[in-house]
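Being a predicted model, the structure only gives us computed values, none of them experimental. All chains are named by letter (A, B, ...) in the order of the sequence lines, taking the proteins before the strands, and each is independently numbered beginning at 1.
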Amino acid sequence: MLKIENLQVYYGGIHALKGINIEVPENKIVTLVGANGAGKSTTLRAICNIVPPSSGKVFFDGEDITGRSTVDITKKGITLVPEGRRIFANLTVHENLLMGAYARNDKMGIQEDMQKIFVRFPRLKEREKQIAGTLSGGEQQMLAIGRALMSRPRLMMMDEPSLGLAPLLVKEVFRIIRDINDQGMTILLIEQNATAALKIADYGYVMETGNITLEGPGQELADKEEVKLAYLGKA
Amino acid sequence: MLGIKKRYITIVALIVAVSMFAVGCGGGAEQGADTDKEQAADVIKIGVYEPLTGTNAAGGQMTVEGIELANKLYPEVLGKKVELFIVDNKSEKQEAANAVERLIGKEKVNVIIGSYGSSLAMAGGPVALDAKVPVIGCSPTNPAVTLDNDFYFRVCFIDPFQGTVMSNYATGQLGAKTAAIIQDVQQDYSVGLSSYFEKAFKATNGDTAIVAKVNYNTGDKDFSAQLTEVKSKNPDVIFAPGNFLECGILVAKARELGINVPILGGDTWEAEEFLNQVTQYKDIYFSTHFTAEEPVTQVSTTFLDEFKNEYPDKEVNAFAALGFDTYILALDAMERAGSADSQAIRDALAETKDFQGATGIITLDINGDATKTAVIKKVADGKFVYETKVDPQ
Amino acid sequence: MNEVLTTDHISMEFGGLRAVSDLHLQVYPQEIIGLIGPNGAGKTTVFNMITGVYKPVEGQIYFDSNNITGLSPDKITKLGIARTFQNIRLFNSMTVLENVMISKHLRRKSNLLEAVLSMPKYNRERTMHYKECMELLEKVELADVADEMATSLPYGKQRRLEIVRALATEPKLLLLDEPAAGMNPNESNELMEFISKIRNEFDLTVLMIEHHMEVVMGICQRIYVLDYGVNLAVGSPSEIQNNEKVIEAYLGAVDTDA
Amino acid sequence: MDDKKQIKFILNIAVLALICVFLWWGNDNLSSFYIRILNLSAIFVILGISMNLVLGFTGMFSLGHSGFMCIGAYVASILTMSPASKEIIYFMEPITPILAQIQWPIFPAIIMAGVVAALFGFLVGIPALRLRDDYLAIATLGFAEIIRIIVTNTITITNGALGLKNIPSVKSMWVYWGIAIITIIILKKIVNSSWGYSFKAIRDNEIAAEAMGINLFSHKLLSFSIGAFFAGIAGALMAFLITSVDPTMFRFTFTFQILLIVVLGGMGSLTGSVISAVAITILMEVLRVVEEPINFFGLLQIPGLPGMRMVIFALGLLLVILYYRQGLMGTREFNWDYILNKIDSFRKRGASM
Amino acid sequence: MSMDIFLQNVANSITLGSLYALIAIGYTMVYGIIRLINFAHADLLMVASYIAFYGILVFTLPWYWAFIIAVVLTTIMGVSIEKVAYRPLRTAPRISVLISAIGVSFLLQNVAIVVIGARPKPFPRPEQLVWNINMGDISFLSLTILIPIVTFILLLLVMFLVKKTKMGIAMRAVSRDFETASLMSVDVNKVISTTFMIGSALAGVGGIMWSMQYPQVDPLMGLFPGIKCFIAAVMGGIGSIPGAMIGGFVLGICEIMIVAFLPALSGYRDAFAFVILILILLFRPGGILGENTVEKV
């Protein structure tokens with residue numbers, strides 16, 4: 001569904017992506033693991049053209065979308081749940097969700113989807129009229145995911161969804177990711193929490209300083225010694 | 001690479017500009033002398049520095065209209081053509097000083113006219129004094145303008161006289177026992193005139209006669225609070241000298257607020273801009289230099305007729321008349337001196353006596369200030385109407 | 001042995017939210033201490049409290065047995081605590097050498113007037129600082145790029161420069177905020193060596209926030225684990241690695257089947 | 001290294017000598033018009049570089065320069081006017097007796113003008129410098145207006161709106177350019193000292209600067225007060241140049257003119273400000289041409305357009321900020337190193353060929 | 001102070017306050033979304049007034065058409081200014097954008113001086129809108145009632161737009177986070193343009209109201225109301241629309257009442273506005289209704 005060919009990005013003088021190739025097949029969870037600053041976020045941001053790629057190609061459904069405007073790309077059905085959630089703290093929960101559906105005009109459909117999201121995240125229903133900035137970290141993550149779902153995306157990219165969440169919530173987040181995927185969503189996931197991510201992923205890539213160093217099916221990668229060494233600190 | 005190229009272009013452009021100046025500079029110093037002699041043969045230069053932009057633009061422009069009219073009527077003196085050099089002083093002091101310096105240094109003018117706005121005149125004055133080029137002011141009424149400056153003259157009366165005239169008029173003609181003053185604290189003209197009015201009015205009506213004195217700042221538009229304060233004190237007249245810019249709105253606002261007592265002001269009010277604001281109101285009086293209804297001299301009539309010809313859709317005003325007078329006074333002085341030499345012009349100017357100008361008969365006193373008749377006008381039927389004349393004691 | 005740094009049960013709140021609560025941290029001379037925990041656990045907030053950017057709402061901070069709670073950052077730096085930042089904060093318009101020279105400003109003894117008049121005292125001081133900085137740059141192998149703009153350096157060197165700049169303030173305690181962020185294992189290894197080296201050479205105590213477990217486990221004597229602003233555990237690397245609570249909260253052995 | 005230092009020293013002396021010769025020649029041979037323009041340039045040089053110290057080097061967007069100028073101009077005027085003049089000028093309300101008899105020579109008065117302005121800068125800075133960016137801009141602009149309004153209303157000290165006249169006139173280019181050159185040298189020394197680097201550090205990254213042991217507040221205040229000091233001196237010189245002052249001279253729009261100089265010259269470049277100050281002051285006169293009536297071979301007469309100069313400057317400001325944000329010099333300085341290196345590389349190229 | 005006089009002062013305060021509020025809303029909206037003191041906003045007042053002036057007097061349009069055209073053209077102008085002078089600087093330091101705004105303001109003023117001339121012109125007040133009302137000793141213009149009504153209606157409209165419509169939500173989202181908003185398929189440039197459109201339209205209406213109240217137009221007429229209204233916006237809490245309204249009224253009331261109660265200090269009135277501004281900036285940087293933000297280290 002999504003195919004990245006030899007993507008390179010220069011970021012204020014830093015060569016942040018040094019030509020990476022990634023493929024995300026439909027209905028799968030693909031994960032990208034690696035240390036802080038390895039270039040994982042930059043990859044996602046380059047796909048959406050928030051950071052313009054300096055060379056390489058991005059294909060979505062076989063169509064070349066490299067260098068299209070962020071608005072165009074997101075309208076094609078790609079959504080990004082950004083790192084640190086980045087919910088609109090000055091809007092209410094309801095309004096945040098509406099923002100997710102900004103590109104859509106079907107009022108009925110939006111209402112429907114919103115109800116679906118409230119079923120999935122009952123906490124959000126309770127806080128529908130509350131200013132999003134007052135939500136707890138976990139609730140904000142739910143909101144960020146819900147907001148992304150509101151655009152009815154076909155590919156959902158998630159940047160560190162477990163970031164800064166309590167263990168219990170991390171579990172919850174991964175359960176939700178699986179759940180969404182079960183319903184047919186394609187997911188490209190970035191995680192520092194490598195074990196957890198690789199466990200649910202169909203396929204995984206390991207990134208190091210702008211390069212992909214390892215790839216393979218999720219479980220297989222998780223069992224590799226070098227991955228354990230690098231990301232778990234266990235010999 | 002591109003950046004460097006751009007930088008070079010900029011630097012080159014700047015160097016060109018500066019060297020242009022430098023060439024003009026060096027050239028000016030040498031050639032100046034030659035051309036001076038050469039041109040002295042056929043041209044007499046009169047410099048004009050007036051505010052054509054900035055806060056005082058309207059006054060400056062009106063004055064320039066009068067000067068240009070005079071130049072059109074009397075293009076020659078001593079058998080030579082008179083050339084006008086008009087420069088803008090942007091209503092800023094450093095620009096005014098530069099402008100005078102430019103007129104003297106670069107254009108080598110024989111005599112200078114200007115400027116509307118006393119503070120601008122005071123910036124230009126010392127420059128002219130140093131160069132010993134006489135300046136004739138058209139309408140700077142602050143007494144300090146000609147003070148300690150033997151080369152500065154003016155054809156208008158000064159604030160102490162104007163303030164006293166208005167006070168006497170308020171007491172005598174309007175029967176006022178109490179008055180309120182509204183002044184622009186940022187404006188020398190307004191503050192000065194107010195204080196002379198206050199002194200004179202207190203002298204005739206007692207120390208408590210000024211029931212209110214409130215301030216505003218140049219550029220203000222809202223005077224409702226000041227006027228409400230004045231209204232609460234119920235004065236017999238209001239004295240509110242200042243720029244027509246603010247005063248037009250101020251006077252109109254007073255009427256809107258139901259203040260119906262006479263409102264008095266100074267010569268700056270004689271402007272279309274002021275009239276436009278207050279056109280439907282009455283009992284608005286001000287002192288000025290000139291009237292169309294009662295031409296004081298033969299020159300007045302000439303001026304009036306020619307002004308109507310030249311600017312058919314404009315209202316005759318005192319500043320144009322004063323501008324007109326400065327120009328013809330300059331010519332008159334040259335004729336009396338029989339020379340266009342600056343020093344000679346100055347000496348002739350200092351001896352001006354009973355000069356027939358459009359604004360009246362002008363005699364310059366020891367300070368170089370005009371002693372002449374003041375005219376009081378009022379607003380009636382959407383026009384400025386002649387009310388009375390006050391002669392200097 | 002006396003502690004270099006003690007945070008005596010400090011807490012911090014932002015708009016009612018507890019970012020750090022009741023943290024008691026003790027650092028002994030020459031130690032390299034790791035501070036780990038999930039993002040948002042309050043690690044950087046701890047640094048900010050120690051360096052005076054924030055004043056703790058509760059508790060006291062002692063450095064070298066001085067109470068430094070609430071002192072301004074520059075005073076604290078003067079006393080001998082230097083830091084680096086999570087995202088590199090170099091002075092963009094200056095060269096490498098100038099970046100380091102800035103740190104000598106707080107050790108100056110001459111005043112502005114002496115500088116303006118180029119008095120010998122100022123010139124001597126200036127030359128001395130220049131020498132010191134060059135020596136420092138030589139020690140850390142940055143001398144060859146001393147006159148290059150700091151921003152033109154590669155990432156790894158920028159990180160190192162930031163540490164060097166902190167070193168130039170002549171600190172006793174060095175706070176490093178994710179020094180290995182964005183480094184590959186090779187670079188991380190180099191960094192580990194570098195940190196150990198400067199610790200020995202400059203007689204330093206180091207407190208570092210780090211996500212790279214190999215770095216943390218490799219050079220830290222003791223590790224504090226922070227979660228939700230609460231001190232979850234403290235101990236040697238092996239103790240931490242085997243601590244159930246830590247594994248669950250941070251090291252990531254989450255049972256996703258649950 | 002030492003060799004180069006010597007060359008630079010000699011070059012510096014040579015340039016200074018050249019300037020001295022020019023000043024000596026100019027004072028006698030230039031017409032007073034050119035002298036006035038050059039003197040005004042010197043004042044704008046002082047204003048430009050002192051504002052650049054605050055804005056370009058320390059990164060504080062202060063728009064209060066005209067206020068400090070105003071203080072400097074008034075202090076210098078009141079201190080140097082003769083008691084006799086004061087008695088005549090203060091005709092509405094007499095001057096406060098303490099000030100009535102004072103008459104200082106010019107140079108102490110100029111210094112005093114700077115000191116008083118710096119003092120005000122210090123006092124204004126204490127509250128204002130807690131703000132940043134556009135808030136600081138609007139607050140300093142506010143303070144400048146407050147200063148001006150106070151000056152307007154304290155009639156027994158400043159003579160209010162009537163302004164002051166008969167201020168001793170100073171014409172010599174030695175004074176204006178002498179002070180301008182001293183200012184350039186002092187500011188250059190400051191900028192190249194560890195204080196200067198601290199200012200730049202604050203501009204580049206406040207948080208890092210603080211962590212390097214730089215007390216933000218005291219350094220900002222220092223830079224701000226130095227800026228005010230020189231603004232005060234420039235104000236004093238302005239008073240001596242024009243010989244009369246009044247509060248309307250120092251409206252905040254005046255600060256915008258200085259801003260224009262700083263932006264065009266390059267924020268963070270002293271030489272940039274010097275060049276652009278001189279260029280703009282001169283252009284201001286040269287461009288009078290565009291305001292004069294233009295006559296095409298006597299066929300077509302275009303009437304004069306007052307205000308055209310300012311349109312050109314406004315456009316210039318916009319174009320620079322949009323397409324050429326660095327200004328003329330960026331943060332670079334025009335210096336011997338640069339030229340010597342150029343010559344060196346040129347020579348090398350020549351030798352290798 | 002007698003009751004009449006007091007009521008008169010109250011009426012004055014309301015008029016002045018609502019004029020300030022009307023213009024302050026435009027400032028606050030633009031500042032809210034791109035954190036820029038739009039110095040050119042004040043000059044749009046001037047532009048609108050001149051267009052209305054020429055519409056009525058030169059093209060002899062009926063006043064309502066002249067007003068509508070003035071507002072429309074002002075709006076187009078405001079949006080164009082954003083496109084030309086601010087958009088290219090979106091990623092530039094804030095100082096650059098601010099200087100650009102000063103440049104635009106400078107340019108508008110001086111172009112007006114060259115093209116129209118520096119002399120002020122009388123603004124034609126439509127008789128249908130402006131008449132005198134006398135109630136006992138109190139006397140005021142119909143504008144005293146009209147201006148607050150217009151301000152209030154526009155305030156409600158803008159509030160509705162910002163609170164309830166999709167565009168309004170997008171504006172608030174963009175003001176918080178350009179990048180994330182664009183991830184929601186929001187065309188950030190379009191949203192910013194819309195904000196300028198509304199802000200400029202308000203400046204247009206504000207300019208016309210201002211010129212009816214003080215019927216004189218000149219190229220520099222925007223200078224003082226511009227600064228005052230920005231102060232009002234900051235007082236109320238910049239970025240907050242009801243805040244601008246409150247700020248405008250507070251400033252208007254203060255300015256009137258300081259003259260009413262302390263006439264001796266009337267010369268300091270403008271200084272007073274700045275003093276309030278500075279006090280607010282120092283003690284409540286967010287303004288009356290604003291939020292306080294702390295920079296993250």
Can you tell which part of D:I312 gets under 4.5 Å to a heavy atom of chain E, answering side chain, backbone, both or neither? neither
On a heavy-atom basis, which atom in E:V111 and which in D:V311 lie closest, and how many Å separate them? N-CG2, 3.7 Å
Residue E:F123 excluded, over 12 heavy atoms near CZ under 6.0 Å: yes
Which atoms of E:V275 come close to chain D, meaning under 4.5 Å heavy atom to heavy atom: side chain ones, backbone ones, both, or neither? both
Interface moiety of D:L318 toward chain E, non-hydrogen atoms closer than 4.5 Å: side chain
Does the side-chain contact (heavy atoms from CB on, under 4.5 Å) test come out yes or no for E:N110 and D:F313, once each step is laid out? CA-CA 10 Å; E:N110 286 296; D:F313 281 116; over 6 Å; no
Could you walk me through whether D:I150 and E:Y268 pass the side-chain contact (heavy atoms from CB on, under 4.5 Å) test, one step at a time? CA-CA 7 Å; D:I150 290 173; E:Y268 289 97; 4.0 Å; yes
Portion of D:L317 that has a non-hydrogen atom of chain E nearer than 4.5 angstrom: side chain
For chain D, which candidate among E:P93, E:A271, E:G117, E:P219 shows the most heavy-atom pairs at distances under 4.5 Å? E:A271
Locate the shortest heavy-atom distance separating D:A314 from E:G103; write the atom from each residue and the value. CB-O, 4.1 Å
Only heavy atoms, only distances under 4.5 angstrom. Which residues in residues 260-267 of chain D are near chain E? D:V263, D:M267
Greatest number of heavy atom pairs closer than 4.5 Å to chain E - which of D:V320, D:L259, D:L55, D:L322: D:L322
Taking side chain as everything from C-beta outward and backbone as N, CA, C, O, which of these in D:F252 sits under 4.5 Å from a heavy atom of chain E? Side chain, backbone, both or neither. side chain
E:L98 versus chain D, the contacting section by heavy-atom distance below 4.5 Å: side chain
Quick one: what part of E:A273 sits under 4.5 Å from any heavy atom of chain D, side chain, backbone, both or neither? neither
Counting only heavy atoms closer than 4.5 Å, note whether D:I138 contacts chain E via side chain, backbone, both or neither. both
Okay, E:L281 and chain D: the region with an atom under 4.5 Å from a heavy atom over there is both
Name the member of E:V84, E:D270, E:L107, E:L36 that forms the most heavy-atom pairs with chain D at distances under 4.5 Å. E:L107
Is there a side-chain contact between D:F61 and E:I99 in this structure, where contact means two heavy atoms from C-beta onward sitting under 4.5 Å apart? yes
Would you say E:Y54 has more than 12 foreign heavy atoms packed within less than 6.0 Å of its OH? yes
Heavy-atom distance under 4.5 Å to chain D: side chain of E:R35, backbone, both or neither? backbone
Under 4.5 Å, counting heavy-atom pairs only, tell me which of E:I113, E:V97, E:I95 racks up the most with chain D. E:I95
Closest non-hydrogen atoms of D:G142 and E:F274, given as atom of the first, atom of the second and distance, are CA-CD2, 3.0 Å
Engaged part of D:Y135 at the chain E interface, taking heavy atoms whose separation is under 4.5 Å: both
Heavy atoms under 4.5 Å from chain D: which residues of residues 226-240 of chain E carry them? E:I227, E:F230, E:V234, E:I238
For the candidates E:A85, E:S100, E:P88, E:A118, which exhibits the highest count of non-hydrogen atom pairs separated by less than 4.5 Å from chain D? E:S100
